[in-house]
Each structure stands twice: as structure tokens, then as C-alpha cells.
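Whatever order the structure lists them in is the order used to number ligands and atoms, beginning at 1. Scope of the values below: all heavy atoms of this structure, side chains included, with no hydrogens, waters or symmetry mates.
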Amino acid sequence: MLSGGVGGARFVRGVVDIAGPAATTVVGNVGDDVEVLGLHVSPDLDSILYALAGLADDRRGWGRAEETWRTLETVQALGGESWFALGDLDLGLHLVRTQALRAGEPLSAVTARLAAALGVGTRLLPATDDRLRTWLDTPAGTFPFQEWFVARGHRDEVDAVRYEGSATARSAPGTLEALAGADLILLAPSNPYVSLGPILAVEAIRAGLAARRVPCVAVSPLIGGRAVKGPADRMLRRLAGGTSPRQVTNCYKGLVDAVVVDEADADDLDGLGDVRPIVTRTLMTDADSRRRVAEAALGAVPA
Ligand code: GDP
Ligand code: CA
């Protein structure tokens, strides 16, 4: 399964709940990765790790439960870099990861170690171990992903999305094997442009997906044409010309065979071509709803 952060993690939990951790491999986005206070932060990988480890703060919607912010307060008081909120518990993970990366360990290896240490049995692979960064062209200028998303609160409309490093980024070890060996490939209801886009910008991953011999099912991040959270709807309107299932599906042209859409979007299923719609309620607020969406998508598995 290919997934971004928080939105993707909801679906990942549902899938793992049904298919089991050992049967699931998640390929995560690293286009959001950012250096903060000298530390390498991989927000999307961490959202999945925390969700699968049962450590996520479901109410706040990101980061760790029972988080405290004393380090950040000190950083602020000292005039340090504090635009990107890193909690005390979260920082521990970034310290361990950063040290390992500096010692030359690839991101995929560090991620596997972190997952094991957190008791996560699902395989989590970054799309690439190479540097890949998302940039947004907006009327106010060009920004690295986190500056646009966090510092500017994604208020700028997006004219174009670019993936720095994608031309040379190699797929991380295990990703192509996972795609080639899968019974079913899933695209989480993550932002098509800034979460799944960077993964699919890795040429080898896109090619592996295009050459699939098993179905690929995408889950739409929209309900009633609106994003549950974040800028996906605004981006689709501006970059794809609309927010119906057709435009979502078009982001994955040639890469998907079915799309899970919400009941609220079921009246506008025109233009899907040979992509089969699967209609259900797709809002994931608890274990039952996560399982319902996962079941809808997993229903496409060949007998
Ligand atoms: P991020 O990397 O943390 O920003 O998260 P993702 O890109 O993985 O997910 C963000 C997307 O998930 C948004 O476009 C939301 O609309 C979508 N999303 C979040 N929760 C749900 C949900 O319960 N159902 C559906 N269908 N989409 C959701
Ligand atoms: Ca993200």
C-alpha cells in the first residue's frame, strides 16, 4: 500500500486490522521530510509508525498522545527555530533517526529499526532512501513543502507541485519486490499531489505500479467533493479542474483499476473510464469505520 501521513494512517490501520500486520507492506512518503533544529524529521513515516504502535494522538490528529512541549518552550525562549512543533516524546525518535542517518545508515534501515523497537509488525518502507523533496509553486512564490504547509498554513493556492530529486531517486530496498509480490495494491486516501505524488515520482515505483498484474485500488480523500482535512480539494480544483471522483482518479491515470468513493460522491461517477467505482461511507473516525473502508478496498482482491 502507498500512503502519506495522518489520512493514510487511518486507512493503514483498517487494512492491518483486517489483513494482518505480516501481510501488509506500507510504502511511505518522504517528500515532506524536513530538517528542524538539525534533526531529520519524516512526518509521514512517523504518523504511520505512531498509528500502528498505538501511540498516536487521535484527538489532535497528529503526533503522539500525552505529548509535552517543554523542549519546544525552551527553544522558543532561546530564540531558536520553533515554527515546526516537535514534542518532547516525538523528539526522542528524531534524535535516534538523525544519529543513525549521520552514521550512514539508510532511511529504510533506520525506519525498520524504529518500527521493530515500537513493536510494529507491519513493514514500513520509505519510497526512497535518496533525497526527495516536494516544492510548491504558488502566486506568493516557491516554497518547500513544510514552509508552505506548516509555516504558511497552506493558504497559498498551488500552481504546480515539483518533486526535487525525483529524476535520480532510486526506490528503497524492498519497495519493488513488495509491489511485484502483492496480491492487491492500495493507494491510501492521502493527498494525491503532496503525499502520493512524491512516491509516484520515484520512476521505478511508478513503473512497478504501471506493470502490475494485480488490481490496484485507490481510496478517495474527498467526501462530498471536500477534503476531510487539508488542501486536497483546493488543489484538485485548481490543478485538475474539479473535485469529483473523475479528477481524483485522473491523478492516478493508468495506475488504478478501482476507486473507493464516498456515498456523498456517488451521484457523479462519470468519466471514470474502466476504473470501477466502489461506493461506501469513507469517513474513518473509529475502528469500525476504518475496517469498513478497508473491507471495501480489500474486496477487490482476486479469488
Ligand atoms: P498527511 O500526510 O498527514 O497530510 O496525510 P495524508 O496525505 O495521508 O492524508 C490527508 C488526506 O486524507 C486529506 O486529503 C483528507 O481529505 C484525507 N482523509 C483524512 N481522513 C479521511 C477519512 O476519514 N476518509 C477519507 N476518505 N479521507 C480522509
Ligand atoms: Ca504528509
Report task. List the closest protein heavy-atom neighbour of atom 18 (N) of ligand 1: residue, atom name, distance to the nearest 0.1 Å. Result -> V228 CB, 3.8 Å
Requested in this report: Ignoring angles and geometry beyond distance, decide whether S3 reaches within less than 3.5 Å of ligand 1 through its nitrogen or oxygen atoms.
Outcome: no
Requested in this report: Inspect the contact between R70 and D88 and indicate whether a charged nitrogen and a carboxylate oxygen are less than 4.0 angstrom apart.
Outcome: no
Query - ligand 1 contact on D44 by region, counting heavy-atom pairs under 4.0 Å - result: side chain
Requested in this report: Quick one: look at M284 and ligand 1, take heavy-atom pairs under 4.0 Å, and tell me if it's side chain, backbone, both or neither.
Outcome: both
Report task. Determine, using heavy atoms of S220 and all atoms of ligand 1, whether some pair is separated by less than 4.0 Å. Result -> yes
Query raised in the report: At the Ca ion (ligand 2), what's the angle from D32 OD2 to D44 OD1, rounded to 10 degrees?
Result: 90°
Query raised in the report: ligand 1 versus P189, non-hydrogen atoms closer than 4.0 Å: side chain, backbone, both, neither?
Result: both
Query raised in the report: Is it true that atom CZ of R226 has more than 12 heavy atoms of other residues, nucleotides or ligands lying nearer than 6.0 Å?
Result: no
Query raised in the report: Which residue from A9, A232, G14, G8 reaches closest to atom 14 (O) of ligand 1 through any of its heavy atoms?
Result: A232
Query raised in the report: Sub-3.5 Å donor-acceptor pair from the side chain of E164 to the main-chain atoms of R133, do we have one?
Result: no
**Report entry** Ion pair R170/D130, N-O distance below 4.0 Å
**Finding:** yes
Query raised in the report: Hey, are the side chains of D57 and E67 touching, using non-hydrogen atoms and a 4.5 Å cut-off?
Result: no
Query raised in the report: Do the numbers put R60 on top of the ring of W62, so that NZ or CZ is under 6.0 Å from the six-membered ring centre and no more than 45° off the axis?
Result: yes
Query raised in the report: Could D58 and R13 be called an ion pair, given the rule that one side-chain N must be under 4.0 Å from one carboxylate O?
Result: yes
Query raised in the report: Any N or O of P221 that comes nearer than 3.5 Å to an N or O of ligand 1?
Result: yes
Query raised in the report: Numbering the atoms of ligand 1 from 1, which are under 4.0 Å from a heavy atom of A227?
Result: 16 (O)
Query raised in the report: Which atoms from ligand 1 have a heavy atom of S190 less than 4.0 Å away?
Result: 6 (P), 7 (O), 8 (O), 9 (O)
Requested in this report: Consider every N or O of V6 and every N or O of ligand 1, then say whether any pair is closer than 3.5 Å.
Outcome: yes
Query raised in the report: So is V219 in contact with ligand 1, going by heavy-atom distances below 4.0 Å?
Result: no
Requested in this report: Would you kindly confirm whether F149 and L239 end up in one hydrophobic cluster when ILVMFWY residues are joined by side chain heavy atoms under 4.5 Å apart?
Outcome: yes
Query - N or O pair under 3.5 Å between G5 and ligand 1 - result: yes
Query - Shortest protein contact, atom 20 (N) of ligand 1 (heavy atom only) - result: R10 NH1, 2.8 Å
Requested in this report: Decide yes or no for H94 and L37: does some side-chain heavy atom of the first lie under 4.5 Å from some side-chain heavy atom of the second?
Outcome: no
Report task. Among all protein heavy atoms, pick out the one at the shortest distance from atom 25 (C) of ligand 1; state its residue, atom name and that distance to 0.1 Å. Result -> T282 O, 3.6 Å
Query raised in the report: If we only count heavy atoms from C-beta on, is the F84 to P43 side-chain gap below 4.5 Å?
Result: yes
Requested in this report: Check each of G197, S195, S289 against atom 7 (O) of ligand 1 and report the one with the nearest heavy atom.
Outcome: S195
Requested in this report: Please report which non-hydrogen protein atom sits nearest to atom 15 (C) of ligand 1, along with the residue it belongs to and the distance in Å to one decimal place.
Outcome: K229 O, 3.4 Å
Query raised in the report: Quick one: do D257 and R276 make a salt bridge, cutoff under 4.0 Å?
Result: no
